[in-house]
Amino acid sequence: MRLVFESFSPYQCLIHPLSFCLSFYVHPGPEVFPRTSSSAMSEAVVPDTMVSPVVGSLYGEKTSSPVVDFSYVGIDAILEQMRRKAMKQGFELNIMVVGQSGLGKSTLMNTLFKSKVSRKSVLATAQEKIPKTIEIKSISHDVEEKGVRMKLTVIDTPGFGDQINNENCWQPIMKFINDQYEAYLQEEININRKKRIPDSRVHCCIYFIPPTGHCLRPLDVEFMRRLSKVVNIVPVIAKADTLTLEERDFFKKKIREELRANGIDVYPQKEFDEDAEDRMINEKIREMIPFAVVGSDQEYQVNGRRLLGRKTKWGTIEVENIAHCEFAYLRDLLIRTHMQNIKDITSSIHYEMYRVRRLNENNTAVAHANGPPAVPYLLENASLANWKRSRFVIPP
């Protein structure tokens with residue numbers, strides 16, 4: 001004979017209020033709960049995993065629902081929230097291509113995005129003449145892949161380097177880049193500014209080097225020296241299939257030496273490596289710069305496979321084959337691995353430098369015109385080494 005306690009579920013208690021108690025009675029039969037060892041009892045008292053009351057039934061009773069770790073908070077869900085928000089907003093990428101006519105700028109852009117995105121491909125006109133002055137022409141596309149939307153803007157610079165006298169031919173390009181920074185700054189300092197400011201800033205400039213096989217021209221050195229301070233420059237050797245492998249390796253080595261000798265810091269810049277892992281990856285990229293590329297938007301059948309390439313009498317040059325050219329490395333850098341980093345450096349470094357300079361100029365002009373401002377403030381300079389964003393600090 002022994003006492004047996006009988007419990008009622010909350011649902012039964014709602015149906016039978018009078019039975020909401022623990023009743024006991026004499027039960028002469030066999031044991032209801034078999035005897036267990038101390039280890040089994042400890043497991044029964046303190047289970048390894050706890051069921052969240054939200055997932056389980058009322059009062060956290062065990063059900064057939066999935067077991068949830070009691071220690072789980074859910075901080076990692078922020079990644080999914082950010083992904084959903086980014087998918088709704090979409091992305092923006094603005095690429096500028098600079099180089100002489102006939103180096104394959106439009107073809108390379110079409111090859112990068114595997115669609116007709118270049119200005120010449122979209123705006124079909126008669127035989128285009130070389131302009132007497134440098135023109136800045138841009139065209140935008142809405143590109144979508146696997147549900148990810150991106151507004152792509154390709155900026156072309158017809159007329160660059162095509163004149164007999166190319167003195168100061170980089171100035172219109174420099175002015176265009178600064179104009180985009182100015183437009184963004186004016187939107188940013190508005191009292192009633194937009195929730196999301198349209199970003200027309202140039203994120204990357206692909207500079208096309210003619211495949212001479214010797215060294216950089218004075219024009220190449222001067223352009224990259226001046227523009228590397230305001231935009232991310234990625235130099236490429238155009239139409240690299242005109243060089244032998246030995247000529248290509250010598251030319252690449254010579255260009256790297258001249259870039260170091262002239263203090264030209266192309267992307268990815270060494271001073272902006274965030275950690276040891278980034279430094280290791282970017283060092284491999286810096287060793288390959290400039291990329292020797294071949295562009296083509298024509299498909300050919302090779303060994304039963306359709307691929308982009310250039311067909312010659314002695315075979316087909318496969319654009320995406322790293323044994324033939326370095327186009328695949330350029331594509332991975334611009335799109336698959338470093339796209340967001342390129343945009344971050346544009347926003348946090350190049351734009352911030354322009355912003356600090358412009359606000360300092362305005363502050364100086366106001367001080368000279370009206371004397372000291374009524375509300376003194378300090379403009380803190382941006383620290384490039386620490387990626388420190390500049391800002392206004394208004395003292396109390």
Side-chain angles (χ1 to χ4, degrees), residues 93-125 127-131 134-139 141 152-163 166 169 173 202 204-214 216-217 219-220 223-224 227 233-245 247-248 251-252 255 266 288-300 307-335:
L93 180 64
N94 307 318
I95 296 181
M96 173 180 280
V97 289
V98 180
Q100 284 181 293
S101 301
L103 291 180
K105 301 186 296 293
S106 299
T107 303
L108 185 67
M109 286 295 100
N110 295 341
T111 310
L112 269 175
F113 296 96
K114 295 187 177 181
S115 57
K116 304 291 185 180
V117 298
S118 65
R119 178 183 58 86
K120 287 185 178 180
S121 301
V122 177
L123 304 176
T125 58
Q127 185 66 29
E128 189 175 273
K129 295 182 180 180
I130 297 176
I134 297 176
E135 300 175 357
I136 309 294
K137 297 183 178 180
S138 63
I139 186 167
H141 306 269
L152 172 67
T153 301
V154 179
I155 305 153
D156 198 0
T157 56
F160 176 83
D162 294 327
Q163 312 302 323
N166 292 307
C169 63
I173 299 174
V202 179
C204 178
C205 173
I206 304 177
Y207 185 74
F208 288 71
I209 302 171
T212 61
H214 301 294
L216 291 174
R217 302 170 301 170
L219 174 62
D220 302 328
F223 176 87
M224 288 190 283
L227 270 293
I233 290 185
V234 178
V236 299
I237 300 174
K239 296 189 174 181
D241 53 330
T242 60
L243 301 172
T244 65
L245 295 179
E247 291 172 341
R248 188 179 77 178
F251 194 28
K252 285 163 62 73
I255 290 173
V266 298
M288 289 188 290
I289 283 178
F291 297 102
V293 298
V294 177
S296 174
D297 49 12
Q298 300 294 322
E299 289 188 356
Y300 295 96
L307 47 82
L308 295 172
R310 291 171 60 86
K311 195 170 184 178
T312 64
K313 290 183 179 180
W314 51 86
T316 303
I317 302 169
E318 301 176 18
V319 169
E320 297 179 293
N321 188 340
I322 58 176
H324 293 188
C325 73
E326 296 173 341
F327 167 81
Y329 295 127
L330 175 66
R331 177 198 58 202
D332 291 351
L333 175 71
L334 295 179
I335 301 175

Atom [atom1] in [X], atom [atom2] in [Y]: separation rounded to 0.5 Å?
{"X": "Leu152", "Y": "Ser115", "atom1": "CG", "atom2": "OG", "value": "8.0 Å"}
{"X": "Ile155", "Y": "Cys204", "atom1": "CD1", "atom2": "SG", "value": "10.5 Å"}
{"X": "Ile289", "Y": "Leu330", "atom1": "CD1", "atom2": "CG", "value": "9.5 Å"}
{"X": "Leu245", "Y": "Glu247", "atom1": "CG", "atom2": "CD", "value": "9.5 Å"}

Val98 and Phe208: CA distance, side-chain angles, deciding distance, side-chain contact (heavy atoms from CB on, under 4.5 Å) verdict: CA-CA 6 Å; Val98 180; Phe208 288 71; over 6 Å; no
For a 4.5 angstrom cut-off between non-hydrogen side-chain atoms, does [X] reach [Y]?
{"X": "Glu318", "Y": "Val294", "value": "no"}
{"X": "Thr153", "Y": "Leu93", "value": "no"}
{"X": "Phe327", "Y": "Leu308", "value": "no"}
{"X": "Pro210", "Y": "Arg217", "value": "yes"}
{"X": "Pro235", "Y": "Val266", "value": "yes"}
{"X": "Cys169", "Y": "Leu219", "value": "yes"}
{"X": "Phe113", "Y": "Ile95", "value": "yes"}

[X] (side chain) donor-acceptor with [Y] (main chain) under 3.5 angstrom:
{"X": "Asp332", "Y": "Tyr329", "value": "no"}
{"X": "Ser296", "Y": "Gly309", "value": "yes"}
{"X": "His324", "Y": "Val319", "value": "no"}
{"X": "Asp156", "Y": "Ser118", "value": "no"}
{"X": "Asp220", "Y": "Ile209", "value": "no"}
{"X": "Gln100", "Y": "Gly161", "value": "yes"}
{"X": "Thr107", "Y": "Lys105", "value": "no"}
{"X": "Asn110", "Y": "Val117", "value": "yes"}

Can you spot which of Ile255, Val293, Thr212 makes a side chain to side chain contact (heavy atoms under 4.5 Å, CB included) with Ile237? Ile255
Quick one, Val154 with Ser138, criterion side-chain contact (heavy atoms from CB on, under 4.5 Å). Give me CA distance, side-chain angles, the key distance, then yes/no. CA-CA 6 Å; Val154 179; Ser138 63; over 6 Å; no
Steps toward side-chain contact (heavy atoms from CB on, under 4.5 Å) verdict (Thr157, Ile136): CA-CA 5 Å; Thr157 56; Ile136 309 294; 3.8 Å; yes
Could you check whether the rings of Phe160 and Tyr207 sit parallel, tilted or perpendicular, using 30° and 60° as the cut-offs? perpendicular
Quick one: which residue pairs count as a salt bridge (charged side-chain N to carboxylate O under 4.0 Å, His left out) with a foot in residues 235-244, not counting sequence neighbours? Asp241-Arg310
By side chain to side chain donor-acceptor pair (under 3.5 Å) - contacts of Glu320 (at least two apart): Lys114, Arg331
Quick one: do Glu326 and Lys252 make a salt bridge, cutoff under 4.0 Å? yes
Does any donor atom in the side chain of Ser101 or Asp162 lie under 3.5 Å from an acceptor atom in the other side chain? yes
What one should report as the nearest heavy-atom pair of Ile206 and Met109 is CD1-CE, 3.5 Å
